[in-house]
Amino acid sequence: MKIGIVLYPTFGGSGVVGTELGKALAAKGHEIHFITYSQPVRLGSFRENIFYHEVSVSDYPLFEYQPYETELTSKMVDVVKYENLDLLHVHYAIPHASAAFMAQQILKSQGIEIPFITTLHGTDITLVGKDPSFEPVISFCINASNAVTAVSESLKNDTLTHFDTTREIHVIPNFIAPNLEPSAASAEVRRKYACDGEMILSHVSNFRKVKRVEDVVLVFNKVRQVVPSKLILAGDGPERHSLERLVRELGLGHDVIFLGKVRDTAHVLEISDVFLLPSETESFGLAALEAMAMGVPVISSNTGGIPEVNLHGISGYLSDVGDIDDMAENTLKLLTDKALLTRFKEQALKRAHDFDLDKILPMYEELYVSLVN
Ligand code: GMT
């Protein structure tokens with residue numbers, strides 16, 4: 001099949017899922033055309049069956065805001081026509097689904113029929129989507145899509161609650177990228193960040209308010225008073241400065257390491273003992289799944305789709321949003337009991353395998369086939 005994939009090519013979860021999905025489909029022989037404004041960060045080097053079409057946004061002085069959606073639509077029309085695509089798969093409702101709808105209509109006027117699938121990832125529904133100024137567009141796009149998927153039952157329910165949708169929503173969870181395995185050099189890397197006997201806690205995100213990275217630091221502050229440990233923070237975003245200030249105020253400067261944007265987060269995860277994800281809302285929590293896939297138990301909030309991934313008392317522990325004491329207590333439970341930590345590491349890995357690529361990929365392929373036929 002020839003599939004066009006539209007996504008945000010950044011470190012965000014939707015971009016990661018869309019890119020890894022495209023890579024996996026290409027490995028199975030499908031022809032994949034990424035249509036984005038820059039090369040997706042997880043794409044890596046040149047691969048067979050993968051093509052990249054850049055949407056270049058013109059800079060006309062007349063416009064205060066450049067019309068990205070229009071340029072994206074034109075690029076989709078062009079790629080569908082000249083590469084003979086069978087299907088478009090867009091990740092994130094706005095503006096990708098609305099651009100796909102427009103492209104579909106333009107192509108129809110030229111006698112070309114192409115279905116499009118919209119995958120809802122979370123913030124397009126739970127944060128951005130709830131903004132009344134977007135609601136009519138999102139409701140329309142969901143209903144106009146030929147198929148809609150959501151990454152968790154929780155996100156499906158949120159969508160049905162907040163939008164006037166008539167479309168069936170298929171739940172297709174996030175999956176583990178195939179290359180996610182500890183490397184042989186992990187012990188050596190670990191020594192660079194922590195002394196013998198020290199534990200490593202980690203967090204990976206885009207440091208937006210919704211991630212509550214401040215709670216990560218506050219949990220660590222409590223943990224470190226009992227267990228010698230280091231905290232590795234990978235990522236960057238709007239909260240970084242206030243976090244750095246908090247770390248200095250708490251006198252944690254030597255024990256908290258800000259790595260900034262990290263392309264290959266597996267290297268952080270493979271040296272971690274516990275992963276923290278205290279988000280305010282999280283439709284799935286790909287970061288938690290990736291940690292579990294590296295055998296790292298997860299201390300998380302119990303919001304949104306996280307409980308569908310992280311199982312309380314098995315792959316980690318769940319607490320109410322903002323309950324720093326409970327999160328610190330749970331972290332200490334693991335870090336002070338070697339046998340328990342080993343058991344949780346094994347259980348986290350086992351749980352992560354429920355989201356293996358070979359279990360999830362066929363769900364997308366089945367949907368593609370049903371639309372193309
Ligand atoms: O979490 C983010 O800030 C990025 C965001 C995105 O839209 O790219 O991630 C969302 O999609 C991921 C992939 O499906 C999910 O695993 C994340 O849980 C979801 N984030 C939120 O719901 C906050």
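Note that this is a predicted model, so its numbers are computed, not measured. One-based numbering, in listed order, for ligands and for the atoms of each.
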Inset, instruction - Would you mind running through ligand 1 and noting each atom that sits below 4.0 Å from a heavy atom of Gly12? - result: 8 (O)
Inset, instruction - Kindly state whether the ring of Tyr68 and the ring of Tyr37 have centres lying under 6.0 angstrom apart. - result: yes
Inset, instruction - Would you check the N or O atoms of Gly285, main chain and side chain alike, for any that come under 3.5 Å of an N or O of ligand 1? - result: yes
Inset, instruction - Taking atom types as modelled, find out whether Asn302 and Asp320 have a side-chain donor-acceptor pair closer than 3.5 angstrom. - result: yes
Legend entry - Ligand-side contact atoms (ligand 1) for residue partner Ser283, heavy atom cut-off under 4.0 Å: 15 (C), 17 (C), 18 (O), 19 (C), 21 (C), 22 (O)
Inset, instruction - Provide the number and element of each atom of ligand 1 under 4.0 Å from a heavy atom of Lys211. - result: 1 (O), 2 (C), 3 (O)
Legend entry - The single option from Met327, Glu282, Arg212 passing side chain to side chain contact (heavy atoms under 4.5 Å, CB included) against Ser301: Met327
Inset, instruction - Please confirm whether Tyr92 comes under 4.0 Å of ligand 1, counting heavy atoms of the residue only. - result: yes
Legend entry - Contact (N/O only, under 3.5 Å) between Gly122 and ligand 1: no
Inset, instruction - Tell me whether the centres of the aromatic rings in His91 and His96 are closer together than 6.0 Å. - result: no
Legend entry - Ser272 side chain vs Phe275 backbone, donor-acceptor pair below 3.5 Å: no
Inset, instruction - Indicate yes or no for a side-chain donor-acceptor contact from Asp356 to the backbone of Lys359 under 3.5 Å, with no hydrogens or angles considered. - result: no
Inset, instruction - Using a strict cut-off of 4.0 Å, indicate which atoms of ligand 1 neighbour a heavy atom of Thr281. - result: 23 (C)
Legend entry - Any donor-acceptor pair under 3.5 Å from Lys2 side chain to Glu83 backbone: yes
Legend entry - ligand 1 atoms in contact with Asn206 (distance to a heavy atom under 4.0 Å): 2 (C), 3 (O), 4 (C)
Inset, instruction - Look only at interatomic distance and state if Val210 has a nitrogen or oxygen under 3.5 Å from any nitrogen or oxygen of ligand 1. - result: no
Legend entry - Ligand-residue contact atoms, ligand 1 with Leu286, heavy atoms, under 4.0 Å: 16 (O)
